[in-house]
Amino acid sequence: MTDKIIEAVLKAVDDSFGVKTQISLVKADPKFGDYATNVAFQVAKDIGKSPPETAEAVIAKLDLGDAGSAEQKGGFINIKLSDSALASELNQATLLPKIGEHKLALVEFGDANPFKDMHIGHLYNTIVGDGISGLFEAYGFSVKRLSYHGDVGLHVAKWIYGVGSEIDFDPTKFTEALSSGGDDPLGYFYARGEKAYTESDEAASKIKEINKHIYAQDDPKINEIYRLGKETSFEQFDKIFALLGVHYNKRYLESETASIGKKLVEENIGKVFEKSQGAVIYEGEAEGLHTRVFITSNDLPTYETKDLGFAVAKDKDYPNAQKSIIITANEQSDYFAVMLAALSKIKPNLAKVTVHLGHGFLSLKAGKMSSREGNVYTAQTLIDEVKKAVETLYPDSPAKHDIYISALRYELMKHKLGSDIVFDINESISLEGNSGPYILYAHARARSILKKSDKQPSPQNKFEPAERRLAIAICGFRQAADEAFEGLKPHTICNYLFGLAGEFNSFYETNRVIGDDREEIRLKLISAYAEILKTGLGALNIPAPEKM
RNA sequence: GCGCCCGUAGUUCAGGGGAUAGAACGUCGGCUUGCGGAGCCGAAGGUCGCAGGUUCGAUUCCUGCCGGGCGUACCA
């Protein structure tokens, strides 16, 4: 509908002044109209008239058909949708264009490294990734959720050193050693190795030696400890993914992509890469980037090389993806710019569809959780805390699971990606304010009203002012969703839903539904409202139970 | 040093050339014998970091500065 209006306005501008331009339609202050455009300001100067005169002239030529009417105020052209146009809009308010039909999108996220903790940053990353995946699915894409893990590299050697020095590198003592690492053996032994690495040269060289054995796989004891540690790690990761309801299509490992990438880099030395000080590097300065090492002077591939191999591996498994999104913390943004620059010279078609999406740093609001000083909070700890808080606040709810999942997911997606965010557990589970449970409650309440009535929702071509206001708000979904999808900004959906719920509560406060003369049309509004809440939450993979 | 991101109410955050800069939390004051009050209405609270520039119009774009985060050759 808005497309048709924009078209009509542009035609009127062209007819009046022979000017071709571009405009957007914004939601107007309700006292002025439903939508507004400032096109008169844009063209007024060129045609030598004041904005109000220009707007009047445009309106004189404007043919909106039965879509609505327009009037000028202070240079703005305010458009009011006709009731019939609004009614038909309302009927298709939940529909999103299936522009991804028969198209494939790859989304990579949740790349926690085995042998290390899955901390709250990984949790954030995982939820954002699954949300972006859901958004693409809502627009009809077939989405493959992929994870990628650094199962080789110095951090692994540090961990093996940490545990190995305790059990004298005897794999049979591994299980016993795990229990001595407390409730978080992975983090515990990694921290030990890390400490030794920085504090002792002897340990550092031993760790580097272990690292070589890991790549070469030529030491049976190290191989076995490695296998056990990796198994333990992924068991933990899978437990968390299952808790969150995240379903991956495929897990990739750096140990698999390393050789593919290394071959690719070696083939392109002198073309894309240069040798320097014994290492193989990519010089990005000419493109405004920086230089990065792809193969070390010890002849080991770095993360960048493995990522090149990963791009190829993904393409082999899922050829012709229209979009490949990589989601990481934004500390890796510059890194990805270099990696993608190198990729664009080797596999331009792959680089073209690849987008890196960076998110900010997640911290927790100071509270009881900060008692574990010096520790990074693990994903599991935060999940447990939120779950526990939900059980206390909603002891009788039949939907506790959905509530705590929604609390987590909503809280992490309601902020614009890229900025650092502070997670407040109490706020995340509260029914007051901009929270997941608030939206869930709004949805459950609407469903309950619909269930209670014995009449059927029925559209009508005439709205009372309060009804049309709600209807307009409901029809805003499409725009919010498009913005979220096109700009990879899930938070626009959260903010929209929160605003919509506020509109509804305000409406519901003074407009009786059941038993009113206008029950059918109001039920229609409520049903559309409930569907929008469910669809919007669903697009971000947030559950919306019927009761809570 | 250089590069990228960020500075909006007491706090957490939206907005991102255009009509009076918004919301939530917190504070204060009202409403409620009704469909889920877990709500609604209202008040107080802002030099949109500072200074220039572009523009009919700048919180928004540009430049500089101040403050913060991240990155910046062999970690990921």
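Throughout, a chain's letter reflects where its sequence line sits, starting with A, and its residues are numbered from 1.
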> A:F294 near the nucleic acid: base, sugar-phosphate alone, or nothing, with a heavy-atom cut-off under 4.0 Å?
Replying inline: nothing
> Where does the angle between the aromatic ring planes of A:F504 and A:F507 fall among parallel (under 30°), tilted (30 to 60°) and perpendicular (over 60°)?
Replying inline: tilted
>> Using atom P in both nucleotides, what's the gap between B:G49 and B:G34 to the nearest angstrom?
In response: 49 Å
>> Looking at B:G69, I'd like to know if its phosphate oxygens (OP1 or OP2) sit under 4.0 Å from a side-chain N or O belonging to A:S363.
In response: no
>> Salt bridge or not between A:E483 and A:R478? Use side-chain N to carboxylate O under 4.0 Å.
In response: no
> Which nucleotide in the set B:G26, B:C40, B:C74 lies at the smallest distance from any side-chain heavy atom of A:Q277?
Replying inline: B:C74
> Taking atom P in both B:C61 and B:G7, what distance in whole Å separates the two?
Replying inline: 10 Å
>> I'd like the C1' distance from B:C6 over to B:U12, given in whole Å.
In response: 16 Å
> Aromatic rings A:H122 and A:H119: how do their planes relate, parallel, tilted or perpendicular, breaks at 30° and 60°?
Replying inline: tilted
> Between B:C40, B:G18, B:G36, which nucleotide has the shortest distance from any of its atoms to the side chain of A:N38?
Replying inline: B:G18
> Rounding to the closest angstrom, what is the interatomic distance between B:G69 and B:G52 at atom P?
Replying inline: 28 Å
> Quick one: stems for RNA chain B, with Watson-Crick or G-U pairs under 3.5 Å, at least three in a row?
Replying inline: B:1-7 with B:66-72, B:10-13 with B:22-25, B:27-31 with B:39-43, B:49-53 with B:61-65
>> I need the NE2-P distance between A:H356 and B:C70, as an integer number of Å.
In response: 16 Å
N/O to N/O distances under 3.5 Å, protein versus nucleotides 19-21 of chain B:
| residue | atom | partner | partner atom | Å |
| --- | --- | --- | --- | --- |
| B:A19 | N6 | A:N78 | OD1 | 2.8 |
| B:A19 | N1 | A:N78 | OD1 | 3.4 |
| B:A19 | N1 | A:N78 | ND2 | 3.4 |
| B:U20 | O4 | A:K31 | NZ | 2.3 |

>> Is the phosphate of B:G71 approached by A:R292 (side-chain N or O, under 4.0 Å from OP1 or OP2)?
In response: no
>> Would you say A:H359 places a side-chain N or O within less than 4.0 Å of OP1 or OP2 belonging to B:C5?
In response: no
>> In whole Å, measure the gap between the C1' atoms of B:U54 and B:C13 for me.
In response: 30 Å
>> Need one value for A:E254: base, sugar-phosphate or nothing, where a base atom within 4.0 Å counts as base even if backbone is also close, heavy atoms only.
In response: sugar-phosphate
> Just checking A:A444: base, sugar-phosphate only, or nothing, at a heavy-atom cut-off of under 4.0 Å?
Replying inline: base
> Whole-Å distance between B:C75 P and A:Y335 OH?
Replying inline: 13 Å
> Would you call A:Y335 and A:D307 a side-chain contact if the rule is heavy atoms closer than 4.5 Å?
Replying inline: yes
>> Without decimals, in angstroms, what is the distance between A:H155 NE2 and B:A76 P?
In response: 8 Å
>> What contact category does A:S333 fall into here, base, sugar-phosphate, or nothing, at under 4.0 angstrom with non-hydrogen atoms?
In response: nothing
> Between A:R512 and A:E519, does at least one N-O distance fall below 4.0 Å, as a salt bridge requires?
Replying inline: no
> Should we count NZ of A:K49 as having more than 12 external heavy atoms under 6.0 Å?
Replying inline: no
> Base, sugar-phosphate, or nothing for A:S276, non-hydrogen atoms under 4.0 angstrom?
Replying inline: base
> Do A:K230's NZ or CZ and the ring of A:Y226 fall within the cation-pi criteria of under 6.0 Å and 45°?
Replying inline: no
>> Distance check, P atoms only: B:U8 and B:G46, in whole angstrom units.
In response: 15 Å
>> For a quick check of understanding: with a heavy-atom distance under 4.0 Å over all strands, which category does A:F507 fall into, base, sugar-phosphate or nothing?
In response: nothing
> So does A:E331 reach the base of B:G71 with its side chain, donor to acceptor, closer than 3.5 Å?
Replying inline: no
> Looking only at N and O atoms, is any donor in the side chain of A:D334 or the base of B:G3 less than 3.5 Å from an acceptor on the other one?
Replying inline: yes
>> So if I take every side-chain heavy atom of A:I281 and compare against B:A73, B:C13, B:C40, which nucleotide ends up nearest?
In response: B:A73
> Starting at CG of A:N426 and ending at P of B:C25, how long is that distance when rounded to a whole Å?
Replying inline: 14 Å
> Which residue, A:K416 or A:M548, contacts RNA chain B at a nucleotide closer to its 5' end, judged by nearest heavy atom?
Replying inline: A:K416
> So does A:K452 get a side-chain nitrogen or oxygen closer than 4.0 Å to the phosphate oxygens (OP1/OP2) of B:C35?
Replying inline: no
> Between B:U11 and B:G45, how far is it from one P atom to the other, in whole Å?
Replying inline: 16 Å
>> Please tell me if A:S448 has a side-chain N or O lying less than 4.0 Å from either OP1 or OP2 of B:G36.
In response: yes
> Hey, mind stepping through A:E464 and A:R469 against salt bridge (Lys or Arg N to Asp or Glu O under 4.0 Å) and telling me if it holds?
Replying inline: CA-CA 9 Å; A:E464 287 185 350; A:R469 197 185 147 99; over 6 Å; no
> Is A:K414 touching bases, backbone alone, or none of the nucleic acid, heavy atoms closer than 4.0 Å?
Replying inline: nothing
> Using atom P of each nucleotide, how far apart are B:U63 and B:C4 to the nearest Å?
Replying inline: 9 Å
>> By the 4.0 Å heavy-atom rule, please label A:L289 as base, sugar-phosphate, or nothing.
In response: nothing
> Contact class for A:S297 vs. all strands (heavy atom < 4.0 Å): base, sugar-phosphate, or nothing?
Replying inline: base
>> Applying a 4.0 Å non-hydrogen cut-off, can you work out what A:N511 is touching in the nucleic acid: base, sugar-phosphate, or nothing?
In response: base
Side-chain donor-acceptor pairs under 3.5 Å in residues 71-79 of chain A, sequence neighbours left out?
| residue | atom | partner | partner atom | Å |
| --- | --- | --- | --- | --- |
| A:Q72 | OE1 | A:G74 | N | 2.9 |
| A:Q72 | OE1 | A:G75 | N | 2.7 |
| A:Q72 | NE2 | A:E56 | OE2 | 3.1 |

> Do A:I295 and A:F273 come close enough that some side-chain heavy atom pair is under 4.5 Å?
Replying inline: no
> Hey, which of A:Q460, A:K524, A:R518 is the one that makes side-chain hydrogen bond (donor to acceptor under 3.5 Å, both in side chains) with A:E467?
Replying inline: A:R518
>> Checking contacts here: which listed nucleotide (B:C13, B:C40, B:G18) is nearest the side-chain heavy atoms of A:F41?
In response: B:G18
>> Checking contacts here: which listed nucleotide (B:U55, B:A73, B:A14) is nearest the side-chain heavy atoms of A:K45?
In response: B:U55
> Nearest-Å distance, CZ (A:F498) to P (B:G22)?
Replying inline: 16 Å
> Does B:C5 have OP1 or OP2 sitting under 4.0 Å from an N or O in the side chain of A:N330?
Replying inline: no
>> Could you tell me if A:K400 sits above the aromatic ring of A:Y394, with its cationic atom closer than 6.0 Å to the ring centre and no more than 45 degrees from the axis?
In response: no
> Can you check whether A:K306 reaches A:V152 side chain to side chain, under 4.5 Å on heavy atoms?
Replying inline: yes
